[in-house]
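The model shown is predicted, which means the values in this text are computed figures rather than measured ones.
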Amino acid sequence: MTEEKIDETSEQTPEETPEETSPKPSRAELLEEEGEIAADYLEELMDLADIDGDIDIDVADGRAQLSIVCEDDEDSNLGTLVGREGRTLGALQELSRLAVQTQTGQRSWLMLDIDGFRNSRREELIKKAKRAIAEVKDGGEEFAFKPMNSFERKIIHDQAARAGLVSESEGEGDGRHVVIRLADD
């Protein structure tokens with residue numbers, strides 16, 4: 001006689017399976033988890049670099065958003081984490097996204113701001129976009145911005161769309177920039 005192996009899992013009832021006993025986390029819960037993972041990573045990095053700051057985690061616009069702030073502006077050394085033109089900030093954001101991906105297996109689109117740099121930059125870019133929009137509307141000629149990262153280009157695209165203009169990203173790599181022009185009627 002042949003001995004048959006019995007698959008013990010086949011005798012489980014549906015209510016006994018792990019998927020049934022623990023509810024699937026909501027999108028907001030997953031984004032909060034992303035924020036926590038990234039915050040842990042950044043805290044370790046800041047400890048190693050002896051940089052003081054508090055990390056605030058928020059979920060907005062369908063992504064985790066982290067802000068590193070320092071209550072004592074006089075002793076703040078957060079500028080080293082921002083770097084020239086926000087380049088270090090951009091690199092830290094990518095490293096934080098990779099830390100999240102390593103733990104969760106999912107690509108993260110979290111946003112990182114340090115010492116209010118991104119908010120200040122957003123306001124500056126909105127002003128530049130409005131001046132360029134006025135120039136295009138007045139003269140009819142297209143306007144090409146200097147190269148920008150994707151965060152900055154999106155701000156320009158959004159402003160152009162609100163003004164009823166057409167915008168496109170052109171170029172490649174570090175030379176990628178936005179061009180705005182009148183919409184074809």
Student: Around Q106, counting heavy atoms of other residues, nucleotides and ligands shown, do more than 12 lie under 6.0 Å from its CD?
Tutor: no
Student: Measure across V136 and E141 and return the closest heavy-atom pair with its distance rounded to 0.1 Å.
Tutor: CG2-O, 3.3 Å
Student: To the nearest 0.5 Å, tell me how far Q159 CD sits from I180 CD1.
Tutor: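 It comes to 10.0 Å.
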Student: Specify the closest pair of heavy atoms between G62 and R27, including all atoms of both residues, with the distance to one decimal.
Tutor: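 Minimum heavy-atom separation between G62 and R27: O-NH2, 3.5 Å.
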Student: Surrounding CG of D50 (heavy atoms of other residues, nucleotides or ligands, distance under 6.0 Å), is the total greater than 12?
Tutor: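 Open: at most 12 neighbouring heavy atoms sit under 6.0 Å from CG of D50.
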Student: Checking E135 against R131 for the salt bridge (charged side-chain N to carboxylate O under 4.0 Å, His left out) test, could you report, in this order, the C-alpha distance in whole Å, the side-chain angles of both residues, the deciding distance, and whether it holds?
Tutor: CA-CA 6 Å; E135 194 174 308; R131 284 193 301 268; over 6 Å; no
Student: Do I51 and L81 have side chains that get closer than 4.5 Å, going by heavy atoms?
Tutor: yes
Student: For the CG atom of L165 and the CD1 atom of I156, what is their distance to the nearest 0.5 Å?
Tutor: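 Result: 12.0 Å between the selected atoms.
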Student: May I ask whether F117 and L125 are part of the same hydrophobic cluster, defined by side-chain heavy atoms of I, L, V, M, F, W, Y residues being less than 4.5 angstrom apart, directly or through others?
Tutor: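 They do not share one cluster, since no chain of ILVMFWY contacts under 4.5 Å joins F117 to L125.
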Student: What residues form a side-chain contact (heavy atoms from CB on, under 4.5 Å) with A60, not counting sequence neighbours?
Tutor: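 Listed in chain order: D58, Q65.
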Student: Are the side chains of V100 and Y41 in contact, using a 4.5 Å heavy-atom criterion?
Tutor: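 Not touching, per the 4.5 Å side-chain cut-off.
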Student: Ignoring hydrogens and angles, tell me if any N or O in the side chain of N149 forms a donor-acceptor pair with the backbone of F151 under 3.5 Å.
Tutor: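 Flag set: sc N149 to bb F151 pair under 3.5 Å.
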Student: Quick check: closest heavy atoms across A64 and G35, and the distance to 0.1 Å?
Tutor: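 Nearest pair, atom of A64 first, then G35: CB-N, 4.0 Å.
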Student: Output yes when E172 and R176 qualify as a salt bridge under the 4.0 Å nitrogen-oxygen rule, no when they do not.
Tutor: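 No, E172 and R176 are not salt-bridged.
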Student: Do the side chains of M111 and L66 join up, straight or via other hydrophobic residues, at under 4.5 Å, putting them in one cluster?
Tutor: no
Student: Going from OG on S67 to CG on D113, what distance comes out if it is rounded to the nearest 0.5 angstrom?
Tutor: 5.0 Å
Student: Could you see if L89 belongs to whatever hydrophobic cluster contains L45? Use Ile, Leu, Val, Met, Phe, Trp, Tyr and a side-chain cutoff under 4.5 Å.
Tutor: yes
Student: If you define the side chain from C-beta out and look only at heavy atoms, does anything of V69 sit under 4.5 Å from E71?
Tutor: no
Student: Check the pair H177 / K146 against side-chain contact (heavy atoms from CB on, under 4.5 Å), numbers first and verdict last.
Tutor: CA-CA 6 Å; H177 61 280; K146 291 182 179 178; over 6 Å; no
Student: Does this structure show an ion pair linking E94 with R107, if we count only N-O contacts that are shorter than 4.0 Å?
Tutor: yes
Student: Less than 4.5 Å apart, any side-chain heavy atom of V59 and any of E32?
Tutor: yes
Student: Report yes if the side chains of E33 and E36 come closer than 4.5 Å at any heavy-atom pair, otherwise no.
Tutor: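 SC-SC contact between E33 and E36 ruled out.
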Student: Might you work through the side chain to side chain donor-acceptor pair (under 3.5 Å) test for S108 and Q101, ending with a clear yes or no?
Tutor: CA-CA 6 Å; S108 171; Q101 184 175 350; over 6 Å; no
Student: Among E152, E123, Q93, find the one that has a side-chain contact (heavy atoms from CB on, under 4.5 Å) with R118.
Tutor: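 Answer to the side-chain contact (heavy atoms from CB on, under 4.5 Å) test with R118 among E152, E123, Q93: Q93.
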Student: Any donor-acceptor pair under 3.5 Å linking the side chain of R153 with the backbone of M148?
Tutor: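 Yes; at least one donor-acceptor contact below 3.5 Å.
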Student: Going only through I, L, V, M, F, W and Y residues with side-chain contacts under 4.5 Å, is there a path from I57 to L31?
Tutor: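 No; L31 is not reachable from I57 via cluster members.
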Student: Considering non-hydrogen atoms only, spot the tightest contact between L92 and L112 and give its length.
Tutor: CB-CD2, 3.9 Å
Student: Drop me the distance from S167's OG to F145's CZ, to the nearest 0.5 angstrom.
Tutor: 9.0 Å
Student: Using atom types as modelled and distance alone, determine if a side-chain donor or acceptor of K137 lies under 3.5 Å from a backbone N or O of A163.
Tutor: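 Yes.
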Student: Between E168 and R181, is the closest basic N to carboxylate O distance under 4.0 Å?
Tutor: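 E168 and R181: salt-bridged.
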Student: Between the main-chain N or O of S26 and the side-chain N or O of E29, is there a donor-acceptor pair closer than 3.5 Å?
Tutor: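 The answer is yes, because a donor-acceptor pair under 3.5 Å joins these two groups.
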Student: Heavy atoms, side chains only, cut-off 4.5 Å: are D115 and I68 in contact?
Tutor: no
Student: Taking all non-hydrogen atoms of both residues, which atom of A183 and which atom of V166 are closest, and how far apart?
Tutor: CA-CG2, 3.5 Å
Student: Examine I114 and I55 and state if one hydrophobic cluster contains both, with Ile, Leu, Val, Met, Phe, Trp and Tyr joined whenever side-chain heavy atoms are less than 4.5 Å apart.
Tutor: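 Yes, I114 and I55 fall within the same hydrophobic cluster.
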Student: If I take atom CE from residue M46 and atom SG from residue C70, how far apart are they, to the nearest 0.5 angstrom?
Tutor: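 The SG atom of C70 is 8.0 Å from CE of M46, to the nearest 0.5 Å.
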Student: Could you grab the distance from atom OG1 of T104 to atom CG of L30, nearest 0.5 Å is fine?
Tutor: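 Here the interatomic distance stands at 8.5 Å.
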